[in-house]
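Input: a single structure, listed below in structure tokens.
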Amino acid sequence: VVIAHGRFPISDEPLTLDHGVVAGLAAALACRFAAELDPSRSGAWLGASGAAWLVAWLLWTTRALGRIVRPKPAEAAHHRS
């Protein structure tokens, strides 16, 4: 969404949603599943899941914020009367 609505080329997508972000989200999901499988330590698993989720989205934010704040200008073709 940031890439498309910011009028950046789709080839920029891996710059915001890179392997680190995907790995962080995968780790969060794995910890969430572990909480279901290991109820005696579900609090620790859920805490780890939340921490991994937070790190993943903070990493994404550091890569996407510049594009959110400064989207590319609209092309002249969009402003024809």
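Quick caveat, the model's predicted, so the values are computed rather than measured.
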Exercise for the section: If you link ILVMFWY side chains whenever their heavy atoms are less than 4.5 Å apart, which other residues fall into the same cluster as Phe33? By chain and number, please. Expected result: Leu29
Practice task
Quick one: which residue pairs count as a salt bridge (Lys or Arg N to Asp or Glu O under 4.0 Å) with a foot in residues 37-55, not counting sequence neighbours?
Solution key: Asp38-Arg41
Practice task
To the nearest 0.5 Å, tell me how far Leu25 CG sits from Ser49 OG.
Solution key: 10.0 Å
Fill in the blank from the handout: For Ala52, the side chain to side chain contact (heavy atoms under 4.5 Å, CB included) test, sequence neighbours excluded, returns Ala27, Ala28
Exercise for the section: Using the test ring pair (Phe, Tyr, Trp, His ring centres under 6.0 Å), find all partners of Trp45 that sit at least two apart in sequence or belong to another chain. Expected result: none
Exercise answer: donor-acceptor pairs, residues 56-64 side-chain atoms, under 3.5 Å, sequence neighbours excluded:
| from | atom 1 | to | atom 2 | distance (Å) |
| --- | --- | --- | --- | --- |
| Thr61 | OG1 | Trp57 | O | 2.8 |
| Thr62 | OG1 | Leu59 | O | 2.7 |
| Arg63 | NE | Asp18 | OD2 | 2.6 |
| Arg63 | NH2 | Asp18 | OD2 | 3.1 |

